[in-house]
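Values below: all heavy atoms of this structure, side chains included; hydrogens, waters and symmetry mates excluded. This one's a predicted model, so the numbers in the text were calculated from it and none came from an experiment.
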Amino acid sequence: MSQITDPRDRLIVALDLADVEGARALVDRIGDAATFYKIGYRLGYGGGLAFARALTDRGLKVFLDLKLHDIGNTVEEGVRAVADLGASFLTVHAYPQTMRAAVRGRGGRLKILAVTVLTSYDEADAREAGYALPVAEMVARRSEQAREIGIDGIVCSAAEAAAVRGIVGPDRLIVTPGIRPAGSDPGDQKRVLTPGEARRAGIDHVVVGRPITGAADPRAVARAIVEEMESA
Ligand SMILES: O=C(O)c1cc(=O)[nH]c(=O)n1[C@@H]1O[C@H](COP(=O)(O)O)[C@@H](O)[C@H]1O
């Protein structure tokens, strides 16, 4: 588990917005209630990579969620190309070739996170995609492979966090999307826990998008999530 001194760093706000103007306005509204933002490919394709640099220049932390998965050479060079954007985290899918390539391309302070099984998948979705193993076993197997390859952290559901911690040990990061404050709409997420449950399961960071980006008062929701984890 990482040494997090500022409790706000545990919350990563997913900036799943169409353009940089909207993202900048949201970051300004949230103000000092959050310190860590995720930029995925929706915003990335709308100028979000330059915006990542603008956020890090303001002292905020950035998670680039590009979920790379390709032939090794392309992944390695792709990781190398984003290594100097100042981001803290970059995602790749947890396939062994992809993870090895990402580790080769890693540089600077960029940490590579491996996405095990998406939190929008349940058992039926995994079977439909051709996987024979139950989701929890897939997550465990991919976490073992990530550890052997030297990946810095795991993305999984908080429902698997305690098992993953047993596999990857105390020093690798566990980052969990699929987080919903009690009573909020899960949307397309299927393996869902609350911020407090996630914290008790031993996660390092939660990723929260729509419950914050769609809220009337995003700053208040971000604050409440940080407080819920602090008191868990
Ligand atoms: O890699 C991710 O960040 C990710 C992995 C995963 O398994 N599930 C998942 O939801 N995510 C991302 O986490 C965010 C969750 O957003 P909300 O469902 O709106 O809270 C989205 O940006 C997803 O792309």
Side-chain angles (χ1 to χ4, degrees), residues 1-69 74-93 99 101-115 150-155 171-177 179 195 203-213 215 218-219 221-223 225-226 229:
M1 216 177 300
S2 57
Q3 293 306 317
I4 291 176
T5 48
D6 184 339
R8 296 173 302 174
D9 286 350
R10 283 199 190 282
L11 169 64
I12 301 175
V13 179
L15 289 172
D16 291 329
L17 301 165
D19 56 53
V20 169
E21 262 169 46
R24 188 176 291 116
L26 182 66
V27 170
D28 289 344
R29 274 186 86 191
I30 292 173
D32 66 2
T35 52
F36 213 146
Y37 288 93
K38 181 169 86 76
I39 295 177
Y41 46 76
R42 181 176 178 204
L43 185 58
Y45 292 146
L49 296 185
F51 185 58
R53 169 64 77 192
L55 291 180
T56 58
D57 285 349
R58 281 168 66 174
L60 295 164
K61 298 187 180 69
V62 172
F63 168 179
L64 277 182
D65 179 22
L66 301 183
K67 291 198 182 66
L68 303 180
H69 181 45
T74 303
V75 170
E76 181 178 343
E77 297 305 335
V79 170
R80 198 160 280 134
V82 297
D84 63 355
L85 286 175
S88 302
F89 300 159
L90 170 70
T91 41
V92 302
H93 281 287
M99 292 193 284
V103 166
R104 286 196 299 274
R106 177 177 58 189
R109 67 165 182 221
L110 183 67
K111 290 188 157 74
I112 306 293
L113 305 181
V115 180
I151 287 286
D152 304 293
I154 302 294
V155 178
D171 296 331
R172 279 174 227 280
L173 300 169
I174 299 180
V175 178
T176 59
I179 298 295
I203 57 88
D204 295 285
H205 303 275
V206 295
V207 176
V208 185
R210 288 162 288 184
I212 296 174
T213 58
R219 176 180 171 80
V221 177
R223 265 187 198 285
I225 290 171
V226 170
M229 287 193 285

[X] side-chain N/O to [Y] backbone N/O, donor-acceptor pair under 3.5 Å:
| X | Y | result |
| --- | --- | --- |
| R53 | D84 | yes |
| R109 | G86 | yes |
| D204 | V175 | no |
| T91 | L66 | yes |
| R104 | E76 | no |

Nearest heavy-atom neighbours spanning [X] and [Y]:
| X | Y | value |
| --- | --- | --- |
| V155 | P177 | CG1-CD, 3.6 Å |
| Y37 | G31 | OH-O, 4.4 Å |
| P218 | A215 | CD-O, 3.5 Å |
| V226 | A33 | CG2-O, 4.3 Å |
| I39 | G44 | CG2-N, 4.0 Å |
| A87 | L110 | O-CD1, 3.6 Å |

Handout entry: R24 bridged to E21 by N-O distance under 4.0 Å
Key = no
Fill in the blank from the handout: Only one of V13, L11, V221, T213 passes side-chain contact (heavy atoms from CB on, under 4.5 Å) with V208, and that residue is L11
Hey, could you give me the [atom1]/[atom2] distance between [X] and [Y], rounded to the nearest 0.5 Å?
| X | Y | atom1 | atom2 | result |
| --- | --- | --- | --- | --- |
| L173 | I112 | CG | CD1 | 11.5 Å |
| M229 | I4 | CE | CD1 | 8.5 Å |
| K38 | I12 | NZ | CD1 | 9.0 Å |
| T176 | I154 | OG1 | CD1 | 12.5 Å |
| I212 | D16 | CD1 | CG | 11.0 Å |
| L113 | I174 | CG | CD1 | 11.0 Å |

Practice task
With D152 as reference, evaluate R106, K111, R172 under the salt bridge (Lys or Arg N to Asp or Glu O under 4.0 Å) test and give the passing residue.
Solution key: R106
Does any part of the side chain of [Y], heavy atoms only, come nearer than 4.5 Å to the side chain of [X], both counted from C-beta?
| X | Y | value |
| --- | --- | --- |
| R8 | D32 | yes |
| I151 | V103 | yes |
| R42 | L15 | no |

Practice task
Give me the ring orientation class for F89 and F36: parallel if the planes are under 30° apart, tilted from 30 to 60°, perpendicular past 60°.
Solution key: tilted
